[in-house]
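Structure first, commentary second.
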2 protein chains.
Amino acid sequence: MVHKQPRMPTWSRPKGRAKIEDVAREAKVSSATVSRVLNHPAIVRQELRDKVARAIAKLSYTRDSAGRALKSGRTRTIGAIVPTLGLSIFADGIEALQNRLSESGYTLLIANAQYDQQRELQEMRSLLERGIDGVVLVGDSHSLELRTLIRQASVPVITTYVSKASKGMPAIGIDNEVATRELTRYLLDIGHVSFGIIANVPPSNDRSRARLEGVQKSLAQAGIDLKSTQVIKADHSLGQGRSAFRQLMTDHPEVTAVICTTDSLAIGAIAEARKLGFKVPQSLSITGFDDIELAGQVDPPLTTISVPAGEIGRGAADYLINAISGLSIPKSIQLPYRLIMRGSTAPPPPSRTRKNSHAKPIRNR
Amino acid sequence: MVHKQPRMPTWSRPKGRAKIEDVAREAKVSSATVSRVLNHPAIVRQELRDKVARAIAKLSYTRDSAGRALKSGRTRTIGAIVPTLGLSIFADGIEALQNRLSESGYTLLIANAQYDQQRELQEMRSLLERGIDGVVLVGDSHSLELRTLIRQASVPVITTYVSKASKGMPAIGIDNEVATRELTRYLLDIGHVSFGIIANVPPSNDRSRARLEGVQKSLAQAGIDLKSTQVIKADHSLGQGRSAFRQLMTDHPEVTAVICTTDSLAIGAIAEARKLGFKVPQSLSITGFDDIELAGQVDPPLTTISVPAGEIGRGAADYLINAISGLSIPKSIQLPYRLIMRGSTAPPPPSRTRKNSHAKPIRNR
DNA sequence: TTGTAAGCGTTATCAA
DNA sequence: TTGATAACGCTTACAA
């Protein structure tokens, strides 16, 4: 005998979720008391507190954050816009950011802008409409419109992976330019005089630009000339690293040190170098930037600059949480990078050191 | 002469944001009309529509989603909980998910659970409290409590990177077990009889387990015995791939094919193999799984299974958006994987083929 | 210490 | 076609 299933009402309200009134009724107190138990437990009598707690457990009540946000003007939500999640350096930062926020009861709204300022603006609008309490950006190339939007919303903001506040926006990260200066200095010190650079320069990538400038300035300071063909532009893929390397070495066989602005490019370059028969580091030094997981595992392991992505993420979280609660920390936070010297760099072959190089004499002292 | 700055009120409300009433006043219509222009423009007269539009532009008004959510019970927000963002396969999926959601006016709340069911549960509570309209999970190992929570909230859910609905939860992804079966079949077909497996088995990683089972079943079917020492457990890091490989080859020098359950492990294994003097693929074949960017760039390029992370992310978004609007698509979506044959695999050296192997005769048919 | 009630910004129902 | 108004669930003066 087939029984008919008890039929659901044609359209039952999607949420059978308990509300604060239900808890109040169950505990025989007012809804205000329930709210107080939730938000300021100290000011309610132990006995009632327990009753309310039991009622909450029984109904497995959770606050509806919409009502809460409407009343308080706070969403306990932070937004982040990154260029992409496809680069582990950003993914790692976001992961750390989320972990820290979660500990403090915040949730993370995330968006990616694909290095497109127009998209960034649009995502920001969407985030702002959601009423985020704070926002995390990357880098310091942002449209004026974006800045205006943030200022008008008077939402705390911090930008990451760079170290200097730009146009009043606080930052947390490393000084990319100083980092490549040190790296270049190191290569100069061990005797290199003929350089090639593989730089990822998608539009609006200020970090990469700073890295490139660090190298250029350091070389200029050492009186070493750099032809424009010694700087190859690429995106950040391994494949581009390979082809850029090939082009570089075709045009400039005299090069003994190849500086890449990301590890991916460097790893691509190493792969291609090996294929082309270069001995790294004996005849050719190659460096990266970021210190991704792979950097220490390739053969030879990559000399690179380590970027503290986790610390950046955590620091951004802490900064915003403080800023939201009124403790404004207006200054930028400069984090230390580390020059990691591994096996991909060595002094140039004897025949190629300064003595018999074509480098001009040192100009700037 | 120093003028005092006009002093801000001790505590000004953080938002100078225009509300719907302001727009209404500016346009000399009722707030209801403004709302209608925003939500059902068709039913309001052209003239008023324009007036309202102008007022909106003038005040640069945007809806406050808290009020909206409170009224409508919808937040236009999707939550996602991934094990980690540190694996590019997940980062890529999330990126695609976010892009697709963004196109449809949704924003993405993200959390990571670090392969910890307890954390997953806690993050889910937080997400649910935020009133998400749908949720994306990874894999099919989830605590009963989590399932219950989701069911009670009656929030649409989809799990990803697996292909079969488990306990009523729809899924989108590939069939990991079938994939490694095909991969193993391929290795058998080209003559391998002695296998080693490097498997990442963090707690609750069902994908990895399925991959491992696929290999085991395929080998069992071919009548090939697998000692427990031929299966090395590891996490998913490159370094672990290296050490696992070393251990494997120490215990089982007869192995001619090493199957790794992730590309990272395989790349680590290749690096170590090279260091130890193995010739890949001439004397040893190595395979991965995921087809990360690097897989095609290492030397030799890695034979692997390609997982369509982007498609998974987009598919999950589409699924949820449909489910939210009532078009329930109850079935799981099985996406095709691809076996990518590259240079890291080849027939075993002649001396090691079946003829003179120690493999038992085929049992199962 | 607790309860009552107003109001946060929006949308939808009902009347006009 | 438009306007007035009542919720939505929560927090917080203000009263008791």
Side-chain angles (χ1 to χ4, degrees), chain A residues 11 13-53 55-56 59-77 128-131 133 153, chain B residues 11-53 55-56 59-77 105 128-131 133 153:
Chain A
W11 200 79
R13 43 151 48 109
K15 19 183 77 180
R17 204 166 144 184
K19 50 188 74 169
I20 206 170
E21 291 288 357
D22 300 327
V23 177
R25 202 174 314 114
E26 174 74 27
K28 297 186 208 304
V29 298
S30 75
S31 63
T33 299
V34 178
S35 175
R36 278 189 282 257
V37 171
L38 257 16
N39 299 309
H40 318 282
I43 67 171
V44 18
R45 194 154 43 94
Q46 178 72 44
E47 192 193 328
L48 283 197
R49 228 189 296 165
D50 293 346
K51 272 213 299 202
V52 169
I56 287 178
L59 305 179
S60 59
Y61 165 80
T62 52
R63 277 181 287 210
D64 179 318
S65 59
R68 200 181 183 201
L70 185 55
K71 182 64 188 168
S72 66
R74 293 265 147 93
T75 55
R76 302 222 120 217
T77 277
L128 251 19
E129 194 167 320
R130 252 75 188 181
D133 293 341
Chain B
W11 200 79
S12 68
R13 42 151 51 106
K15 23 182 72 177
R17 203 164 143 187
K19 50 188 74 169
I20 206 170
E21 291 288 357
D22 300 328
V23 177
R25 202 173 314 115
E26 174 74 26
K28 297 185 207 301
V29 297
S30 76
S31 62
T33 298
V34 178
S35 176
R36 276 189 283 258
V37 171
L38 256 15
N39 300 310
H40 317 283
I43 66 170
V44 18
R45 193 153 42 94
Q46 177 74 43
E47 191 193 328
L48 283 197
R49 228 188 298 164
D50 294 346
K51 270 214 300 202
V52 169
I56 287 177
L59 304 180
S60 59
Y61 164 81
T62 52
R63 276 183 288 213
D64 179 317
S65 59
R68 202 176 182 206
L70 184 56
K71 180 65 186 163
S72 66
R74 294 266 146 93
T75 55
R76 303 222 117 216
T77 276
L128 251 21
E129 194 168 321
R130 251 76 188 179
D133 293 342

For the pair made of [atom1] in [X] and [atom2] in [N], what is the distance, rounded to whole Å?
| X | N | atom1 | atom2 | answer |
| --- | --- | --- | --- | --- |
| Asp64(B) | dG7(C) | CG | P | 18 Å |
| Glu47(B) | dT1(D) | CD | C1' | 12 Å |
| Arg63(A) | dC8(C) | CZ | P | 21 Å |
| Leu70(A) | dT12(D) | CG | P | 13 Å |
| Ile56(A) | dC10(D) | CD1 | P | 10 Å |
| Arg17(B) | dT10(C) | CZ | C1' | 12 Å |
| Lys19(B) | dT11(C) | NZ | P | 14 Å |

Hey, is the main chain of [Y] close enough, under 3.5 Å, to the side chain of [X] for a donor-acceptor pair?
| X | Y | answer |
| --- | --- | --- |
| Arg76(B) | Arg130(A) | no |
| Arg36(B) | Ile43(B) | no |
| Arg17(A) | Arg63(A) | yes |

Take Thr33(A) and Leu48(A) through the test side-chain contact (heavy atoms from CB on, under 4.5 Å) and record every step on the way to the result.
-> CA-CA 8 Å; Thr33(A) 299; Leu48(A) 283 197; 4.2 Å; yes
Show your working on side-chain contact (heavy atoms from CB on, under 4.5 Å) between Leu38(B) and Arg68(B) and close with a plain yes or no.
-> CA-CA 12 Å; Leu38(B) 256 15; Arg68(B) 202 176 182 206; over 6 Å; no
Would you sort out whether Lys19(A) and Glu21(A) count as a salt bridge (charged side-chain N to carboxylate O under 4.0 Å, His left out), showing the intermediate values?
-> CA-CA 5 Å; Lys19(A) 50 188 74 169; Glu21(A) 291 288 357; over 6 Å; no
Using the test salt bridge (charged side-chain N to carboxylate O under 4.0 Å, His left out), find all partners of Asp22(B) that sit at least two apart in sequence or belong to another chain.
-> Arg25(B)
Tell me, please, which residues at least two apart from Glu26(A) pass salt bridge (charged side-chain N to carboxylate O under 4.0 Å, His left out).
->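 Partners of Glu26(A) under the salt bridge (charged side-chain N to carboxylate O under 4.0 Å, His left out) test: Lys58(A).
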With Ser35(B) as reference, evaluate Ile20(B), Val23(B), Val52(B), Val44(B) under the side chain to side chain contact (heavy atoms under 4.5 Å, CB included) test and give the passing residue.
->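 The option that passes is Ile20(B).
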Give the nucleotide from the list dT10(C), dC10(D), dG9(C) with an atom nearest to the side chain of Arg68(A).
-> dC10(D)
Ser65(A): what forms a side chain to side chain donor-acceptor pair (under 3.5 Å) with it, not counting sequence neighbours?
-> none
Determine: side-chain N/O of Arg74(A) to OP1/OP2 of dC8(C), distance under 4.0 Å, yes or no.
-> no
If you restrict it to nitrogen or oxygen atoms, what contacts under 3.5 Å exist between nucleotides 3-6 of chain C and the protein, and what is each distance?
from, atom 1, to, atom 2, distance (Å)
dG3(C), OP2, Ser30(A), N, 3.0
dG3(C), OP2, Ser30(A), OG, 3.1
dG3(C), OP2, Thr33(A), OG1, 2.4
dG3(C), N7, Arg36(A), NH2, 2.6
dG3(C), O6, Arg36(A), NH1, 3.1

Taking all atoms of both residues into account, what is the closest heavy-atom pair of Asp133(B) and Gly73(B), and its distance?
-> OD1-O, 4.3 Å
Under 4.0 Å from any atom of DNA chain C, heavy atoms only: list the residues of residues 20-27 of chain B that qualify, in numerical order.
->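 Per residue number, the list reads Ile20(B).
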Counting only non-hydrogen atoms, which of residues 37-45 of chain A are less than 4.0 Å from DNA chain D?
->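 Hits under 4.0 Å, by residue number: Asn39(A), His40(A).
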